[in-house]
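For reference, the structure is listed below as structure tokens.
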Amino acid sequence: MRLGVNIDHVATVRNARGSAYPDPVRAALLAEAAGADGITAHLREDRRHIRDEDIEGLMAGLKTPLNFEMAATEEMQAIALRHKPHAVCIVPEKRQEKTTEGGLDVAGDDNRLARFVAPLAEVGCRVSMFIDADAKQVEASKRIGAAVVELHTGAYCDFHYEERFEARDAELARLTEMAAYAHSLGLEVHAGHGLTYETVTPIAALPEVMELNIGHFLMGESLFVGMEAAIKEMRRLMDAARA
Ligand code: PXP
């Protein structure tokens, strides 16, 4: 199972002061050195964290694959077609949200998304749909030609920290079922959003999940223990869950 490290929040800190530092590309290189199997970055329409020049720096400097998160807009498609990152993860985007709050409605927009995904797949990007654990969305992702689904673990993690354990366990059951279902349809399964040391184990234990994408918690933890130690501990927990 691969660990993708999301470095958006390094850019958030940089942008808060309008300074040139801390540099998200430097963070990505450190994350790679600490054992990340790939780097995830979300170029938002409003450029609130990652900027176009960061994507250029990542494409030029990374040794591991870049997972480029983006909304399904023409502007983003043109950028992805120019850079041809290893993977493109399509996410829903709202200006007002603090983070990506829910999964993409693939089922409700399947004709447009099928046309959107085709040219990305043609240039060799592995296209992933960031969806809630919902059979309709899994089926639609398969139908439109995505290679991968990334299951949104945000609700599961929120319920855990709100101590709503019944709701958390029900969400985990949905994630478990949908990971197996997506895999049975031939989709590669990833998961992410909100994962921490406390919440990662049951998700990493799902046998169909091939990749976790984790950012906010890891960048926060890096302030206390350093990025290398934070990433190594996450990796250790993932491997222990798998074993
Ligand atoms: N996966 C996707 C598709 C995301 O949008 C994000 C957040 O940018 C993550 C994973 C990582 O979430 P977090 O930063 O909460 O770990």
Side-chain angles (χ1 to χ4, degrees), residues 1-13 15 24 27-28 31 36-51 54-55 58 65-72 76 80 85-95 97-106 125-133 137 141 146-161 171 175 178-179 182 187-201 203-204 209-223 227 230-231 233-235 237-238:
M1 184 174 31
R2 296 185 298 269
L3 170 60
V5 173
N6 181 317
I7 42 85
D8 292 349
H9 293 288
V10 177
T12 307
V13 173
N15 298 0
D37 302 296
I39 298 297
T40 293
H42 183 177
L43 185 66
R44 278 184 171 264
E45 206 187 345
D46 61 9
R47 309 300 197 266
R48 78 167 72 144
H49 34 60
I50 294 296
R51 297 181 186 143
D54 299 324
I55 297 296
L58 291 169
L66 175 66
N67 176 30
F68 180 58
E69 282 184 20
M70 60 179 225
M76 290 300 150
H86 166 81
V88 170
C89 181
I90 311 295
V91 302
E93 214 175 276
K94 295 193 220 95
R95 284 279 167 123
E97 69 190 357
K98 286 204 197 93
T99 179
T100 313
E101 281 164 4
L104 189 68
D105 182 12
V106 186
C125 299
R126 283 188 65 75
V127 182
S128 161
M129 297 286 133
F130 188 45
I131 57 170
D132 292 326
Q137 303 300 343
S141 300
V148 181
V149 286
E150 179 163 329
L151 298 176
H152 197 313
T153 52
Y156 154 77
C157 294
D158 287 347
F159 290 143
H160 174 83
Y161 282 100
E171 185 61 23
L175 288 161
M178 286 306 120
L187 290 158
E188 184 171 313
V189 183
H190 300 174
H193 209 283
L195 292 170
T196 64
Y197 295 157
E198 273 186 41
T199 51
V200 74
T201 298
I203 303 297
V209 174
M210 299 300 294
E211 178 175 309
L212 298 181
N213 286 302
I214 310 180
H216 187 240
F217 173 80
L218 280 177
M219 293 306 127
E221 191 63 12
S222 298
L223 296 174
M227 195 178 298
I231 289 173
E233 175 62 5
M234 190 59 85
R235 182 81 249 178
L237 290 167
M238 286 165 59

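Here the structure is a predicted model, which is why all the values come from computation and not from measurement. Both ligands and their constituent atoms are indexed starting at 1 by order of listing.
In this structure, R47 does not pair ionically with D54, as no charged nitrogen and carboxylate oxygen lie closer than 4.0 Å.
When only interatomic distances are considered, the shortest N/O to N/O separation between E150 and ligand 1 falls below 3.5 Å.
Atom numbering of ligand 1 starts at 1 in the shown order; those under 4.0 Å from a heavy atom of G215 are 13 (P), 14 (O), 16 (O). Within the listing of ligand 1, atoms 10 (C), 11 (C) sit less than 4.0 angstrom from a heavy atom of N213. Distances below 4.0 Å separate heavy atoms of V91 from the following atoms of ligand 1: 3 (C). Each of the following atoms of ligand 1 lies closer than 4.0 Å to a heavy atom of G194: 12 (O), 13 (P), 15 (O), 16 (O).
Across the listed options H193, M70, E69, H190, E69 owns the non-hydrogen atom lying nearest to atom 2 (C) of ligand 1.
A distance-only check finds no donor-acceptor pair linking the side chain of N6 to the backbone of N213 [under 3.5 Å].
Here the CD1-OG1 distance, from I7 to T12, works out to 9.5 Å after rounding to the nearest 0.5 Å.
Exactly one of H49, H42, H9 qualifies for a ring pair (Phe, Tyr, Trp, His ring centres under 6.0 Å) with H216. That residue is H9.
By the 4.5 Å heavy-atom criterion applied to side chains, D105 and Q137 are counted as neighbours.
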Give the table of side-chain donor-acceptor pairs shorter than 3.5 Å for residues 153-160, with sequence neighbours excluded, one pair per line with atom names and distance.
unit_1, atom_1, unit_2, atom_2, d
T153, OG1, G192, O, 3.0
T153, OG1, H193, N, 3.2
T153, OG1, H193, O, 2.7
Y156, OH, T199, O, 2.8
H160, ND1, R168, NH1, 2.9
H160, NE2, E198, OE1, 2.7

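Residue contact annotation: F217 has no non-hydrogen atom under 4.0 Å from ligand 1.
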